[in-house]
Engineer: 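One structure, pasted below without further comment.
The shown structure was predicted, so the numbers you read here are calculated from the model rather than taken from an experiment.
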Amino acid sequence: MLMLASNCLIATAQTETRVHGTVKSATDGLPLIGVNVVEKGTSNGTITDINGSYTLTVPGNSELVFTYIGFVNQEVKVISGKTLMTSP
């Protein structure tokens, strides 16, 4: 299971949102390195760094898909200006 902490900030006036956050394990709270973070239905994505951090710019009504080997995939809707913490 993944635990996500994301902060969404408005990057441009054209409804693009810069999303950044940290992905941690829900079981031990350690950051997860190499988690795929992709805008659903596109090839726009990134992976988490050594601290479990990621940054991605997406349209305001996007969903992010988080995938990591051995963990349950998670989809999260992007909401501009909101902070999201979730764990399945």
Engineer: Is the CG atom of Leu30 crowded by more than 12 outside heavy atoms at less than 6.0 Å?
Structural biologist: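 More than 12 heavy atoms, drawn from other residues, nucleotides or ligands, come within 6.0 Å of this atom.
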
Engineer: Please examine the side chains of Val35 and Thr67, heavy atoms only from C-beta on, and report whether any two atoms are closer than 4.5 Å.
Structural biologist: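 Contact flag for Thr67/Val35 side chains = no.
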
Engineer: So, using side chain to side chain contact (heavy atoms under 4.5 Å, CB included) as the criterion, who are the partners of Pro59 when residues are at least two apart?
Structural biologist: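 With neighbours one apart ignored, the set is Glu39, Ser62.
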
Engineer: Can you tell me which residue pairs pass the salt bridge (charged side-chain N to carboxylate O under 4.0 Å, His left out) test with a partner in residues 56-66, sequence neighbours excluded?
Structural biologist: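 Passing the test, one end in residues 56-66: no pairs.
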
Engineer: Which other residues end up in the same hydrophobic cluster as Ile69, if Ile, Leu, Val, Met, Phe, Trp and Tyr are linked when side-chain heavy atoms come under 4.5 Å apart?
Structural biologist: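 Its cluster mates, by chain and number: none.
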
Engineer: If we check side-chain contact (heavy atoms from CB on, under 4.5 Å) with Val19, which of these qualifies: Val76, Thr55, Val78, Thr57?
Structural biologist: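 Per the side-chain contact (heavy atoms from CB on, under 4.5 Å) rule, the option paired with Val19 is Val78, out of Val76, Thr55, Val78, Thr57.
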
Engineer: Just by modelled atom types, is the Ser53 backbone N or O under 3.5 Å from a matching donor or acceptor in the Asn51 side chain?
Structural biologist: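 The answer is no, because no donor-acceptor pair under 3.5 Å joins these two groups.
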
Engineer: I'd like to know if Leu32 and Val65 are part of one continuous hydrophobic network [Ile/Leu/Val/Met/Phe/Trp/Tyr, side-chain heavy atoms within less than 4.5 Å].
Structural biologist: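 No, because Val65 and Leu32 fall into different hydrophobic clusters, even though each may have its own neighbours under 4.5 Å.
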
Engineer: Can you find a pair of side-chain heavy atoms, one from Asn73 and one from Tyr68, that are under 4.5 Å apart?
Structural biologist: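 Of all side-chain heavy-atom pairs linking Tyr68 with Asn73, none is under 4.5 Å.
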
Engineer: With a cut-off of 6.0 Å (strictly less than), are more than 12 heavy atoms of other residues, nucleotides or ligands near CG of Asn61?
Structural biologist: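 Counting neighbours around CG of Asn61, 12 or fewer heavy atoms of other residues, nucleotides or ligands fall under 6.0 Å, so no.
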
Engineer: Under the side chain to side chain contact (heavy atoms under 4.5 Å, CB included) test, which residues partner Thr46, sequence neighbours left out?
Structural biologist: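 Side chain to side chain contact (heavy atoms under 4.5 Å, CB included) list for Thr46, sorted by chain: Val37, Tyr54, Leu56.
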
Engineer: Among residues at least two apart in sequence or on other chains, which ones pass salt bridge (Lys or Arg N to Asp or Glu O under 4.0 Å) with Glu75?
Structural biologist: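 Lys40.
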
